[in-house]
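Comments concern the structure below.
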Amino acid sequence: MKKITLLCAAGMSTSMLVKAMQKAAESENFECEIAAYPTSEAKDKAAGSDVVLLGPQVRFQKAKIQELLPGIPVDAIDMRMYGRMDGAGVLKFAQEKMHA
């Protein structure tokens with residue numbers, strides 16, 4: 001079971017993306033746990049994740065989050081995918097980051 005964590009400013013809009021990603025994962029029979037949290041909870045909530053994805057509005061915090069979570073791939077979600085709430089596209093991006 002893979003653990004995908006999304007981080008954003010407050011966790012609100014990203015929770016809609018989590019639902020879209022969960023729906024995409026179900027249709028692919030990809031077993032994973034996906035959750036969204038504010039960046040302020042990164043160290044506690046994202047520890048043990050297989051990948052951490054940042055909402056576009058907090059992408060400037062990538063280096064700081066990577067420092068907090070050594071050994072875990074951290075990257076920002078593409079603004080267009082985020083804006084479209086493209087759950088399948090973001091899930092694919094997460095899967096690629098886990099295998100990189």
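For the numbers below, each heavy atom of this structure counts, side chains included, while hydrogens, waters and symmetry mates do not.
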Taking NZ, NE, NH1 and NH2 as the nitrogens, is one of them in K3 or D50 under 4.0 Å from a carboxylate oxygen of the other?
-> no
Nearest heavy atoms of A9 and P38, plus distance in Å | O-CB, 3.5 Å
Nearest 0.5 Å, what's the CG-CD distance between L7 and E41?
-> 9.5 Å
Considering non-hydrogen atoms only, spot the tightest contact between M85 and A20 and give its length.
-> O-CB, 3.8 Å
Distance col, row F30:CZ vs Q22:CD, nearest 0.5 angstrom, shows 12.5 Å
So do L53 and T5 actually touch side chain to side chain, heavy atoms under 4.5 Å?
-> no
Apply the side-chain contact (heavy atoms from CB on, under 4.5 Å) test between C32 and each candidate in Q95, K2, M21; give the one that qualifies.
-> K2
Do M79 and L17 sit in the same hydrophobic cluster, where Ile, Leu, Val, Met, Phe, Trp and Tyr count as joined when their side-chain heavy atoms come under 4.5 Å apart?
-> no
Does the pair F93 and D78 meet the rule for a side-chain contact (heavy atoms from CB on, under 4.5 Å), with working shown?
-> CA-CA 9 Å; F93 179 63; D78 177 77; over 6 Å; no
Go through the side-chain N and O atoms of Y37 and T14 and say whether any donor and acceptor fall under 3.5 Å apart.
-> no
Would a 4.5 Å heavy-atom cut-off, applied to side chains only, mark V52 and L69 as touching?
-> yes
Spell out, as yes or no, whether a donor-acceptor pair under 3.5 Å connects the side chain of Q66 to the backbone of I72.
-> yes
Closest approach of L68 and K43, non-hydrogen atoms and distance?
-> CD2-CD, 4.2 Å
Go through I4 and L91 one step at a time and tell me if the side-chain contact (heavy atoms from CB on, under 4.5 Å) criterion holds.
-> CA-CA 9 Å; I4 301 170; L91 180 66; 3.9 Å; yes
Does the side chain of L6 come within less than 4.5 Å of I77's, by heavy atoms?
-> yes
Taking all non-hydrogen atoms of both residues, which atom of V18 and which atom of A36 are closest, and how far apart?
-> CG2-CB, 3.7 Å
